Each structure stands twice: as structure tokens, then as C-alpha cells.
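Everything below concerns the one structure shown next.
Bear in mind the structure is a predicted one, so any value in this text is a computation, not a measurement. Residue numbers begin at 1 in each chain, while the letters A, B, ... track the order of the sequences. Basis for what follows: all heavy atoms, side chains included, without hydrogens, waters or symmetry-related copies.
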2 protein chains.
Amino acid sequence: MSATPDSEIGTARIHQEEILEAAALCFMERGYNASSIDDVARRLGSTKGRIYHHYRSKADLFADVYRYGMELNAAAIKPLCGAYDDPVEKLKAMAKVHCLTMLRTRPFQRCVWEGVSLLMRGATTPEQRETLEELQGLRESYATRFREVMEGAKAMGKADFESSGIALQIFLMALNSPIFWYSPRETDDEDKLDEIASRCTRFALQGLGIKKEYLQDV
Amino acid sequence: MSATPDSEIGTARIHQEEILEAAALCFMERGYNASSIDDVARRLGSTKGRIYHHYRSKADLFADVYRYGMELNAAAIKPLCGAYDDPVEKLKAMAKVHCLTMLRTRPFQRCVWEGVSLLMRGATTPEQRETLEELQGLRESYATRFREVMEGAKAMGKADFESSGIALQIFLMALNSPIFWYSPRETDDEDKLDEIASRCTRFALQGLGIKKEYLQDV
DNA sequence: CTTGGAGCATACTACCGGGTATGTTGTCAA
DNA sequence: TTGACAACATACCCGGTAGTATGCTCCAAG
């Protein structure tokens, strides 16, 4: 984590991504506390030794899953940041992409969600609390991207929410909601995910008071 | 739990309500798995013995917290069920009351929420799974109340969502959302809660495509 | 070829927490 | 007065799990 050259960090990441995925699946299915390191190892077809070789503790592993999930989110909306003039159009695109990312990377996003809960519960060691607050910072700066665009739309008179703090919370909650009530079926293809994301996006934007005529193409 | 007369069930309930409240607070703060029975007992200023005298297991205690939370919900919307002709007016009232109940009984509602997760994760014994499915039935019949009114409003052309299944999920999620992002401040009075509930209700109803002119008084 | 370290597996410890078995106290009815 | 039971408290057991210590193997650099 210090003087290692980038190439080795890259290969380490590749090795660890397999662990990250297994951990995300376990944490999603049973929750953080109910999942044991042995569960994660079993899913990998290996043993604890492998995991503790890469991570110093269970909390460290969870933090990395969280971080990876947030990286996926940030990467998904990054191309959109400089590509729009109209805030409403930008918000439409960001919301849709965000929701699709939720659906596509559900296990990681569930961990991000539980990470927020763990933070609010404050049941961690001071050291781990510092790490989680750093990760919480990632999430807040991500949310700020949305807040700015929301307020841009409001300034143009195309949205009419009042408290941007509350509106942002409900807005993101509507977009995040499929990670809870959606469970993938074998018959579900990319079009199905796109349809679900469209429904969520329309709901969320209408909730902000954006008129339906702006939302034909979501 | 069998041949006990109603009066004794009543007094038992009174004794147990104190336990229920402590358990709800613990489960809210640290989650089900991370909360020990000793934690709940400590909060009560007593020991495990008291809890295990009233509940056969930790899962039983949690189930009762869940049940109590759902009873609070059902009781809150019950007076509204026969009181409206216009589905939109009825939906407005139900949504507002539901959201207020979320804010007022947050610890219990967080347990109801985690109960849903535990069910979906399916990490329980077959016997406990039966209990949780019964409780899940309570929740579904509660949700059905909202679904029917939503479809009534849609039939009148006053709402324009497409899939009522998805719309219901997002709608309830928006109304439930304050149990996650709201934490009470000392300065918050009843008016503050009412304002938050209004904001959530407006967002949720607008998300369903209900026009703003119908929502002046929420 | 050897040596050191990465990448694991194996074996073990220590502790926490759910559950139980049993003791203690107050109350109330016969 | 007593006995019976509710409502707890105390003391204990034991399985599961985070974390550690150590062993094994392969590969690459010297």
C-alpha cells in the first residue's frame, strides 16, 4: 500500500477483485455481521488464509468492497459531467445511469448501503471509524454532483422542490430502491434492466416537480 | 401463548412493551445480528433472564418487534379506510399518515425494514421462516391497501404510472425514506415532523404522476 | 541451485454470545 | 401459613467466528 509500483498494484487488484466479488455476494445475502470470513472463502473455493493474506481484518475487506462500489458509481457518471448544457437533460442522464449501475452492480451497492448504516450506528473502532468517514466522504461528494444539477434545474424554473437536502435524499432513495426490491430473473435481459431504470428515473424526476413533457425519452 | 385469558395477555403485553422498545432501539442502532440479548438487557437495566422469561429466542423477540411495528402502521391508516370518496384524497391522507408513523416510530420501522431483508436473505430456520412469512403477509396486505387506492386514482386518469408493482415499491420507498436519513434533533417538534412528512408525501405523489394542483394541501 | 518471498492452506487460540439450568424474591389464593 | 407460580437474577455451557502462527509450494532473481 506504499512503495509498490503501479503495475503490481494492478495485478494485486486483479487478484483481489475475485475476493471482492465473493465478499459482496456474501454481504448482500446475509449482511455484514452474519457473514463469516469462512463463508466468503467457501464461496471462493479456498480458505481463510487467502483472504487474510490480502486484508488485515474483516472490516478492511468490507471497506474495500464499499470503496469499489463507490468507484463504480463515480466511473459511471464521469463521462456525463461535461457533456450537457441543460441541467434537466444532464439530470436525466445522470439519474438513468446511476439507476442502471445500481441494477448491474447490486451486490456492491448493497454493501455501500450497509456501510452507511454501519457508519450511522457508529459501532466501530476509532481507527475503522476514520476509514469509514473517508468512504462516507466519497459518497457525499458523489451526492453533491446530483445536488448541484438539481439546483441548476430549479434555478431555471424546471423543478420546484423546496429543501434541496430532503429532496436529494428522497431522490436518491427512489433511484437506489431497486437494489432492495429487484431480484434478477433468468428471463431478464439488458432491456428489462433499462425499463426498470426508466421507471425509477421518471418517478424520481417527477417527484422533483419536473414536468412530464421533459421526460418523454427517459 | 395458548389458553391465557385476554386480560393476562394484556398485562403481559404491558410488561413486554418495555422490552420491545429497548429491543427496537438496540436493533435500530446496531442491527439485528450485531445486537446481543445482553445489550437489550443492559438498556433495560436488567439481565438476560428477564428477556428469556418472555421470549423463547432472540428471533422471537425480533419477530414481536416486527409485529408491533406493523400493528402501529395498520392502526394509523385504519381510520382513513372508509372516509374518502376521491382516491386521490384518500391516497394523500394515507401517504401522509404513513410517513408520519415512520417518523414517530422509527426504531420499530427500522426493524420492520430489516425483517424484510432477513426474509429475502432467507437465513433462518424453517420454523422461524414460517413466522417471518406470516409477518411478511401482514406487510403485503398493508401494501395492498395502497396499491388499490393508487389504481383507483389511475383509473380516474389522475395518475399515470405504468407498472403498479414497480410504482408501489418506489412510492413506499419514498415515504419510508426518512427512517434512514432523518435523525431527530432536540429542536424538532411536531411541526417539523409534519413538514418532513409533507415533503415526502408531495414527492411520492408527484412521482406517481399526480398533478400539483391536487397537492396544495399536503 | 538456492534463497527469499508471494500466495496460499492448516491448525490452533481466545472470546463472544445464544441458550439453559437453577436459584431467589415477591405476591396471592386457599 | 403455606405452597405455588410469576418474574426475574446468577451461573454456566458450548458452538461459532475473528484473528494468528505456522507450514507448504512455486516462481523468479541472483
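By the 4.0 Å N-to-carboxylate-O rule, B:R104 lies close enough to B:E190 to be salt-bridged with it. Salt bridge annotation for B:D188-B:R185: absent, with no cationic side-chain nitrogen under 4.0 angstrom from a carboxylate oxygen.
For A:K48, taking side-chain heavy atoms from C-beta onward, the closest of the listed nucleotides C:dA11, C:dG18, D:dT10 is C:dA11. Among the nucleotides C:dC8, C:dG18, D:dG19, the one closest to any side-chain atom of B:K58 is C:dG18.
A straight line from CZ of B:R30 to P of C:dC16 spans 14 Å, rounded to a whole angstrom. Atom-to-atom, CZ of B:R50 to P of C:dT22 comes out at 24 Å; the value is rounded to the nearest Å. The CZ atom of A:R42 sits 13 Å away from the P atom of C:dA9 (whole-angstrom rounding). In this entry the distance linking OH of A:Y55 with P of D:dT20 reads 17 Å, nearest Å. Atom-to-atom, OH of A:Y52 to C1' of C:dT13 comes out at 13 Å; the value is rounded to the nearest Å.
No donor-acceptor contact under 3.5 angstrom links the side chains of A:D60 and A:H54, judged on distance only.
Less than 4.0 Å separates DNA chain C from no heavy atom of any residue of residues 18-27 of chain B. Within residues 32-41 of chain B, no residue approaches DNA chain D, by heavy-atom distance under 4.0 Å.
Contact record, A:M28 with A:P107: SD-CA, 3.6 Å, taken as the closest heavy-atom pair.
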Name every donor-acceptor pair, under 3.5 Å, that has one atom in a side chain of residues 164-172 of chain A and the other anywhere in the protein, sequence neighbours excluded.
{"from": "A:S164", "atom 1": "OG", "to": "A:R147", "atom 2": "NH1", "distance (Å)": "2.9"}
{"from": "A:S164", "atom 1": "OG", "to": "A:E151", "atom 2": "OE2", "distance (Å)": "3.1"}

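With sequence neighbours left out, the ring pair (Phe, Tyr, Trp, His ring centres under 6.0 Å) criterion links B:F27 to B:Y32, B:F62. Listed by chain and number, the residues in a ring pair (Phe, Tyr, Trp, His ring centres under 6.0 Å) with A:Y55 amount to none (sequence neighbours excluded). Partners of B:E134 by side chain to side chain donor-acceptor pair (under 3.5 Å), not counting sequence neighbours, listed by chain and number: B:R67.
Atom CZ of A:R145 has 12 or fewer neighbouring heavy atoms from other residues, nucleotides or ligands inside a 6.0 Å radius.
For the pair A:H54 and C:dC8, the criterion of a side-chain N or O lying under 4.0 Å from OP1 or OP2 is met. At D:dC8, none of the side-chain N or O atoms of B:H53 fall inside 4.0 Å of OP1 or OP2 (strictly under the cut-off).
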